[in-house]
Protein chains: 2
Amino acid sequence: MQNQSANKTIQSDGEQAILEAAEILFAQKGFDSVSMSAIAGLANTSKPNIYHHFKNKNDLYLAVMKTAVRRSSALLDAVEDAPGTFSQRLTGFSTGQLKNILGHKRSTQLILRETLTEDSQQGQEITRLVMGEVFSRLVEMVHQGQLDKEFRDDIDPTLAAFMIISANMFFFQASPIMQHIPEAEFIDDASTYSQGVMDVLINGMLRRGDS
Amino acid sequence: MQNQSANKTIQSDGEQAILEAAEILFAQKGFDSVSMSAIAGLANTSKPNIYHHFKNKNDLYLAVMKTAVRRSSALLDAVEDAPGTFSQRLTGFSTGQLKNILGHKRSTQLILRETLTEDSQQGQEITRLVMGEVFSRLVEMVHQGQLDKEFRDDIDPTLAAFMIISANMFFFQASPIMQHIPEAEFIDDASTYSQGVMDVLINGMLRRGDS
DNA sequence: ATACTTACCGACCGTTCGGTCAGTTCACAA
DNA sequence: TTGTGAACTGACCGAACGGTCGGTAAGTAT
């Protein structure tokens with residue numbers, strides 16, 4: 001038992017396999033619906049070996065969440081300081097976030113699932129952390145756009161940011177269901193969707209009399 | 001054993017208590033995290049009595065979902081054929097839906113939870129049903145607004161409808177987390193939120209040169 | 001009174017759960 | 001070669017799970 005209580009820095013091969021298997025299963029079915037035996041089976045190891053690396057089921061879950069968060073917030077920095085108008089930068093940020101979400105479906109599902117369970121104090125804190133990060137950057141960007149007289153002054157920047165995030169998150173969440181609703185073709189093309197959403201949103205935020 | 005397999009028409013007092021307890025717990029923790037004993041305890045009855053009314057745990061869950069859906073779609077008809085511009089009607093519809101969501105948090109949480117679990121074929125069908133209902137009406141309303149030359153022609157009505165729903169759903173879902181983010185004051189006032197969202201959205205959809 | 005049905009319950013069953021224990025394998029340092 | 005700690009495992013534990021059994025209490029129709 002080397003590094004426990006989710007203070008990971010270096011993982012062995014076996015530990016990595018356990019984390020991956022756990023992430024897959026936890027994202028698919030949720031905490032309680034996944035047994036340690038199932039994780040062990042998918043990771044091609046034994047149940048006691050999991051307890052050799054993690055002190056209990058909850059500790060394993062937290063470790064999975066932490067790696068998910070780390071991965072999610074890593075890809076965020078790239079799109080931040082692009083050039084162009086705030087409309088363009090905002091659109092870039094939004095499409096980037098959606099691409100990020102769809103590129104890490106398991107992590108997203110994991111985090112999104114936490115928003116629906118009242119208990120698990122720790123899980124909600126983690127969620128708040130990763131959500132708050134994206135949120136703050138978006139709010140700041142919108143606010144700068146207002147100071148630059150590009151966006152209307154009478155809209156709440158936090159609300160605008162929230163709308164962008166909600167459009168992306170709900171797109172991900174509702175995809176499997178919307179797939180079966182024939183009218184919604186946009187669900188199959190994330191970039192078209194992102195484009196359309198930001199078109200309406202930006203158009204609604206722009207000052208009148210600008211380009 | 002009288003009426004089983006979720007083909008309910010009339011419920012006795014005891015059965016109603018079981019359904020209510022089950023709805024509360026299922027919404028709070030999810031299917032697998034709730035034990036039949038816990039439901040029996042909350043309903044002030046015994047576990048075997050639950051099996052007298054429902055043939056198994058899954059049947060009970062489906063029964064709970066059905067009553068939730070019935071309640072959700074009932075409150076929908078009121079706001080449909082209001083007078084006014086399409087902008088006003090759309091705003092009314094949206095605020096009505098959000099009020100409906102917040103007035104039936106347990107049902108909403110139950111349905112929202114189904115969107116995150118891949119299995120449970122039946123549950124997803126139910127979700128698709130109740131979501132599709134709202135969705136269709138919204139799409140039709142936006143489309144009419146376009147034919148009336150009130151809204152831009154170059155936006156996808158299904159996408160606009162989706163954005164409205166996503167704003168409402170994600171508001172509900174993210175509330176407990178946004179509560180702890182100080183910048184987001186709008187989270188405490190649903191009607192202000194709804195107003196702000198629809199302001200941006202409608203503004204983004206309006207034809208230029210109209211009032 | 002009798003017979004039948006419905007609502008309900010204590011006790012119990014087989015199974016699976018999270019978690020433990022004693023012990024093995026193996027790499028590597030002394 | 002021996003020692004040591006980390007990686008790993010089969011067998012097992014008490015507890016809790018979903019579900020069943022036999023039976024009771026109460027209403028109701030005959």
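Computed from a predicted model, the values in this text were never measured in an experiment. Every chain is numbered from 1 and lettered A, B, ... according to where its sequence line falls, protein lines coming before strand lines.
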Heavy-atom check, side chain of A/Ile155 versus side chain of B/Asn203, under 4.5 Å: no
B/Gln16 CD - C/dT6 P separation (whole Å): 20 Å
Taken to the nearest whole Å, CG/B/Asp59 to P/D/dG18 is 15 Å
For A/Lys105, check side-chain contact (heavy atoms from CB on, under 4.5 Å) against everything at least two apart and list the hits. A/Leu102, A/Phe172
Do any side-chain atoms of residues 17-28 of chain A form donor-acceptor pairs under 3.5 angstrom with protein atoms, and if so which ones, sequence neighbours left out?
residue: A/Glu23; atom: OE1; partner: A/Arg71; partner atom: NH2; Å: 3.2
residue: A/Glu23; atom: OE2; partner: A/Arg71; partner atom: NH2; Å: 2.6
residue: A/Glu23; atom: OE2; partner: A/Ser107; partner atom: OG; Å: 3.2

All salt bridge (charged side-chain N to carboxylate O under 4.0 Å, His left out) counterparts of A/Asp156, not counting sequence neighbours: none
I want to check one thing: is the phosphate of C/dG10, taken as OP1 and OP2, less than 4.0 Å away from some side-chain N or O of B/Ser46? no
Grab the CD1-C1' distance between A/Ile50 and D/dG10 for me, whole Å please. 15 Å
Do the side-chain N or O atoms of B/His52 get closer than 4.0 angstrom to the phosphate oxygens (OP1, OP2) of C/dC9? no
Nearest-angstrom distance from the residue atom CG of A/Asp13 to P of C/dA27: 14 Å
Any protein N or O atoms within reach of nucleotides 16-21 of chain C? Criterion: under 3.5 Å, listing atom names and distances.
residue: C/dG18; atom: OP1; partner: A/Val34; partner atom: O; Å: 3.2
residue: C/dG18; atom: OP1; partner: A/Lys57; partner atom: NZ; Å: 2.6
residue: C/dG18; atom: OP2; partner: A/Met36; partner atom: N; Å: 2.9
residue: C/dG18; atom: N7; partner: A/Lys47; partner atom: NZ; Å: 3.1
residue: C/dG19; atom: OP2; partner: A/Tyr51; partner atom: OH; Å: 2.9
residue: C/dG19; atom: OP2; partner: A/Lys57; partner atom: N; Å: 2.8
residue: C/dG19; atom: O5'; partner: A/Tyr51; partner atom: OH; Å: 3.4
residue: C/dG19; atom: N7; partner: A/Lys47; partner atom: NZ; Å: 3.2
residue: C/dG19; atom: O6; partner: A/Lys47; partner atom: NZ; Å: 2.6

Could you give the angle between the helix axes at the two ends of the helix from C/dA1-D/dT30 to C/dA30-D/dT1, with five pairs per end, rounded to 10 degrees? 10°
Once side chain to side chain donor-acceptor pair (under 3.5 Å) is applied, do any residues pair with A/Ser194, and if so which ones, sequence neighbours excluded? none
Does a sphere of radius 6.0 Å around CD in A/Gln195 hold more than 12 heavy atoms from other residues, nucleotides or ligands, not counting ones at 6.0 Å or beyond? no
Atom CG of B/Asn49 and atom P of D/dG22 are separated, to the nearest Å, by 18 Å
Ring pair (Phe, Tyr, Trp, His ring centres under 6.0 Å) against B/Phe135, all qualifying residues, sequence neighbours excluded: none
Scan residues 138-147 of chain A for pairs that pass side-chain hydrogen bond (donor to acceptor under 3.5 Å, both in side chains), counting only residues two or more places apart or in two chains. A/Glu140-A/Gln144
Rounded to the nearest angstrom, tell me the gap between atom CG in B/Asn44 and atom P in C/dA7. 18 Å
Does OP1 or OP2 of D/dA6 have a side-chain N or O of A/His53 closer than 4.0 Å? no
Excluding sequence neighbours, so at least two apart, what forms ring pair (Phe, Tyr, Trp, His ring centres under 6.0 Å) with B/Tyr193? A/Phe162, B/Phe171, B/Phe186
